[in-house]
Amino acid sequence: MNAKKVGKVQEPNSKNDFFDNVYEVVRLIPPGRVTSYGAIAAYLGSKRGARMVGWAMGNSHTQYNVPAHRVVNRNGLLSAKNLFETPTAMQERLESEGVTVKDDVVQNWQQTFWDPEKELL
DNA sequence: GGTATGACTGTAT
DNA sequence: GATACAGCCATAC
């Protein structure tokens with residue numbers, strides 16, 4: 001498959017199992033596309049692990065060079081915008097990539113939605 | 001080891 | 001159709 005190791009971190013290798021998978025998938029998200037936590041979690045095998053996906057990102061947020069701005073909730077809402085450098089950084093970044101965001105919600109969500117199980121698989 | 005919290009999701013009211 | 005509650009998995013205290 002694709003390059004599994006993109007850049008090890010100083011974190012222990014125990015919990016990195018799930019985390020690394022999340023980061024990898026997020027990094028594989030093409031520009032102008034976004035995905036949901038549930039999609040990533042489901043791709044990892046834990047559909048109910050959506051929280052862990054978000055938590056994993058929140059734990060590292062931009063520290064791992066991961067485009068977290070491409071990851072939104074199931075409604076296409078920029079739930080993480082508040083955790084970014086600035087509450088508008090996420091939206092600005094998405095729009096910069098060609099994603100239309102309005103009222104902190106991704107427009108054309110169905111079209112902008114990127115499913116790792118379909119696109120990446 | 002148990003309790004509380006969390007960038008979520010789905011079902012129920 | 002919108003709001004409320006419960007479930008799931010992992011980390012932190």
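Just so we're on the same page: letters track the sequence lines, and every chain starts at 1.
- Here B:dT9 presents its P atom at 8 Å from CH2 of A:W109, a figure rounded to the nearest Å.
- Within 4.0 Å (heavy atoms only), A:V72 reaches no atom of the nucleic acid at all.
- For A:Q91 and B:dA7, the CD to C1' distance is 16 Å, given to the nearest whole Å.
- Across the interface with DNA chain B, nearest-nucleotide mapping of A:W55 and A:G38 shows A:W55 to be the residue nearer the 5′ end.
- To the nearest angstrom, C1' of B:dG6 lies 14 Å from CG of A:N82.
- When heavy atoms are screened at a 4.0 angstrom cut-off, A:A80 is found touching base atoms of the nucleic acid.
- Residues A:H69 and A:E97 have side chains that bring a donor and an acceptor to within less than 3.5 angstrom of each other.
- Looking only at side-chain heavy atoms (C-beta outward), A:K81 and A:T88 stay at 4.5 Å or farther from each other.
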Which side-chain N or O atoms in residues 33-42 of chain A pair as donor and acceptor under 3.5 Å with protein atoms at least two apart or in another chain?
unit_1: A:R33; atom_1: NH1; unit_2: A:Q111; atom_2: O; d: 3.2
unit_1: A:T35; atom_1: OG1; unit_2: A:W114; atom_2: O; d: 2.9
unit_1: A:S36; atom_1: OG; unit_2: A:A39; atom_2: N; d: 3.3
unit_1: A:Y37; atom_1: OH; unit_2: A:V71; atom_2: O; d: 3.2

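- Rounded to an integer number of Å, the gap from A:M57 CE to C:dT11 P is 16 Å.
- When the P atom of B:dA7 is taken as reference, atom CZ of A:F19 falls 13 Å away, rounded to whole Å.
- Spacing between atom CE of A:M52 and atom P of C:dT11 amounts to 8 Å, rounded to whole angstrom units.
- B:dA7 atom P lies 16 Å from atom CG of A:D104, rounded to whole Å.
- Here the CD-OG1 distance, from A:E95 to A:T100, works out to 7.0 Å after rounding to the nearest 0.5 Å.
- The side chain of A:R74 lies closest to B:dG10 when the candidates are B:dG10, B:dA7, C:dA10.
- Taking atom OH of A:Y37 as the reference point, atom P of C:dC8 lies 22 Å away to the nearest angstrom.
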